[in-house]
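Worksheet for the structure shown next.
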Amino acid sequence: MLELSFIKTNKERVIQGLKIRNFSVESLQVIDHILGTDEVRRSTQAELDNNLAESKRLAAEIGSLFKSGKTGDTDALKQQVAALKEQAKNLETKMREAAERLEELLLSVPNIPHISVPPGKSPEDNEVHKAWGKPLPELGDGAIPHWELAKKYNIFDLDLGVKLTGAGFPVYRGKGARLERALINFFLDEATKAGYEEIAPPLMVNQETARATGQLPDKEGQMYYVEKDDLYLIPTAEVPVTNLYRDVIVDEKDFPIKLTGYTPCFRREAGSYGAHVRGLNRVHQFDKVEIVQIAHPDTSYGQLEQMLAHVSSLLEKLELPYRILRLCGGDMGFTSALTFDFEVWSAAQERWLEVSSVSNFETYQSNRLKVRFKDGGKTRLAHTLNGSALALARIVAALLENNQAPEGIRLPKVLHAYTGFELID
RNA sequence: GGAGAGGUGGCAGAGCGGUUUAAUGCGGCGGUCUUGAAAACCGUUGUACCGAAAGGUACCGGGGGUUCGAAUCCCUCCCUCUCCGCCA
């Protein structure tokens, strides 16, 4: 959620930003509604504050009359307080309604895109920021997609997942399961080397936590919900890991705070079926190592660069051709100010697969999380950033397809120590 | 799951209906003293909102209630601790 004070002092900048997100003229009126509702809220609070101050004063007066034994003089005062209280009730209702309306309006406004975000309406308008691994590998005629490789070498099984749970819950087995574990360890080790503290968080979170990072109310339908205990299965480690710092006033010396965590991720992905989601391309449960940073506003974009470099190095070590996209205004997530997507080339499917999304949220997330620091005497919101480093399922898909050979699947060198084998056959 | 105890400022801990703008201690910050430090002493030390400022309001686990007045009484929910049961 945007800071109200930012909207007040930078109205034009906000409107320009929303235009990059393809807001229509009518939709832009939300900004005026916000400012108007805030006006109502503030004037109502001023009235209420005066009312309460008067009540308190009168109550103290009654108190001192009691003390001096003049109990007979208190009736008129009591009536005055009763009248004030009646008023206060109405003012309180009015203020609460204005505050709720204001919150609702603020929640409906997405983050303001960074100045470098290109305009655009669809993924076609994303900018290629960097490409690595040219030329793209070409496979021979016998090349098969990863879901067929899975059957051939018995490394994961989606039908068994259907038997146990339902569609989209893969069962990894044998060298496939070992590869999964190897990748998790590799990613965590690399993150640790890069200075991230490893976190093993809960996989279910309460409403407050889901709300603070913005999954609620925006992406409610995307999460699995355990009704009996009112808990959500996490769609990404971002949720519990970032929330570690909810309501924390960080010591400026501790910036940037760098955290990493491995978790399974649970996503309902309602309504997405078809050829594009075959195999591991889109599943309801997948493993992911996430990196999270909480940074000083002055240096957060430098940290974002650092995160891009980190993810790049992982893909290069895995020898996977990739490209980095700078997302356009129309394709960027609701809460992000600037997002880079990483896509790897999946050689048998001959398509790019998104394996990481690295974003700076500036203060949009921290405004709900209340992650702050002291800047001189002032309390300011910190910047939050996160990115996948990396999402496993699609990495596995690309590794299998790109490295298939007549004798089996040759794994990149960097994984040998983790898997204990070089070839899946 | 059952029984009991308890949740107060960064921490410890008092307050149990009316100068509480929450005592006191520790810690933190600033100062005096000192060549420097320690000790001692003095001062200061939460968050949010309204206000140009002066100042005001809210917050003693969350929500609701009683009262002219609630940290204090009542209801309810959550959490922590102890004991019992169950259990990887």
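Because only heavy atoms are used, hydrogens play no part in the values below, and waters and symmetry mates are left out as well, while side chains stay in. Throughout, a chain's letter reflects where its sequence line sits, starting with A, and its residues are numbered from 1.
- Taking atom P on both nucleotides, B:A37 is separated from B:U47 by 29 Å, rounded to a whole Å.
- Of the two residues contacting RNA chain B, namely A:T379 and A:A82, the nearest-nucleotide position lying further toward the 5' end is that of A:T379.
- Spacing between atom CD of A:E208 and atom P of B:C79 amounts to 13 Å, rounded to whole angstrom units.
- If you measure from atom CG of A:D247 to atom P of B:A48, you get 11 Å, rounded to the nearest angstrom.
- Between B:C50, B:G18, B:U47, one nucleotide has an atom nearer to the side chain of A:A46 than all others, and that is B:C50.
- Counting to the nearest Å, the P atom of B:G69 and the CD atom of A:E54 are 14 Å from each other.
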task: May I have the step-by-step check of side chain to side chain donor-acceptor pair (under 3.5 Å) for A:K85 and A:S55, ending in yes or no?
output: CA-CA 8 Å; A:K85 231 184 146 176; A:S55 289; over 6 Å; no
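- Going from the P atom of B:U57 to that of B:A3 covers 44 Å, rounded to whole Å.
- Across the P atoms, B:A58 and B:G64 are found 15 Å apart, a figure rounded to whole Å.
- Across all strands shown, B:C29 is found opposite B:G43 as a Watson-Crick or G-U wobble partner, with both distances under 3.5 Å.
- In this structure, A:K175 is not positioned above the aromatic face of A:Y153 in the sense of NZ or CZ being under 6.0 Å from the six-membered ring centre and within 45° of the axis.
- Figure legend. B:A14 is base-paired to no nucleotide; pairs are counted as Watson-Crick or G-U wobble with both atom distances under 3.5 Å.
- A:L52 comes within contact range of the sugar-phosphate backbone alone, with a heavy-atom separation under 4.0 Å but no base atom that close.
- To the nearest whole angstrom, the two P atoms, one in B:A23 and one in B:A14, are 15 Å apart.
- Distances shorter than 4.0 Å separate none of the side-chain N or O atoms of A:K56 from OP1 or OP2 on B:G56.
- A:L231 places its CG atom 10 Å from the P atom of B:C79, with the value rounded to the nearest Å.
- Here the separation of B:U82 from B:G31, taken at their P atoms, is 45 Å to the nearest Å.
- Atom pair A:R380:CZ and B:A48:P shows a separation of 14 Å (rounding to whole Å applied).
- Shown here, B:U80 forms a base pair with B:A5; the pair counts as Watson-Crick or G-U wobble because both key distances fall under 3.5 Å.
- B:C42 and B:C75 are spaced 46 Å apart, taking the P atom of each and rounding to whole Å.
- Using a 4.0 Å heavy-atom cutoff across all strands shown, A:K85 reaches at least one base atom of the nucleic acid.
- With a 4.5 Å cut-off on side-chain heavy atoms, A:V241 and A:E290 do not count as touching.
- Taking the P atom of each, B:C77 and B:C87 are spaced 29 Å apart, rounded to whole Å.
- Residues A:Y196 and A:Q293 bring a donor and an acceptor atom of their side chains to less than 3.5 Å of each other.
- Remark: P of B:U57 and CG of A:L91 are 15 Å apart, rounded to the nearest angstrom.
- For A:K374 and B:G28, the NZ to C1' distance is 13 Å, given to the nearest whole Å.
- Across all strands shown, B:U57 pairs with B:A48; the Watson-Crick or G-U wobble distances both stay below 3.5 Å.
- Between A:H146 and A:F156, the shortest heavy-atom contact is CD2-CZ, 3.7 Å.
- For the pair A:I34 and A:L2, the minimum side-chain heavy-atom distance is 4.5 Å or more.
- For A:R42 and B:G51, the shortest distance from a side-chain N or O to OP1 or OP2 is below 4.0 Å.
- Rounded to the nearest Å, the gap between the C1' atom of B:A12 and that of B:G18 is 29 Å.
- If you measure from atom CG of A:D251 to atom P of B:G28, you get 14 Å, rounded to the nearest angstrom.
- Within the 4.5 Å cutoff, side-chain heavy atoms of A:Y232 are placed close to those of A:E220.
- Note on A:R372: a side-chain N or O is less than 4.0 Å away from OP1 or OP2 of B:A48.
- The partner of B:U19 is absent, by the rule that a Watson-Crick or G-U pair needs both atom distances under 3.5 Å.
- For A:L4 and A:L48, each mapped to the nucleotide of RNA chain B holding its nearest heavy atom, the one lying further toward the 5' end belongs to A:L4.
- With distances taken from any side-chain atom of A:D49 to the nucleotides B:U57, B:G69, B:C49, the minimum falls on B:U57.
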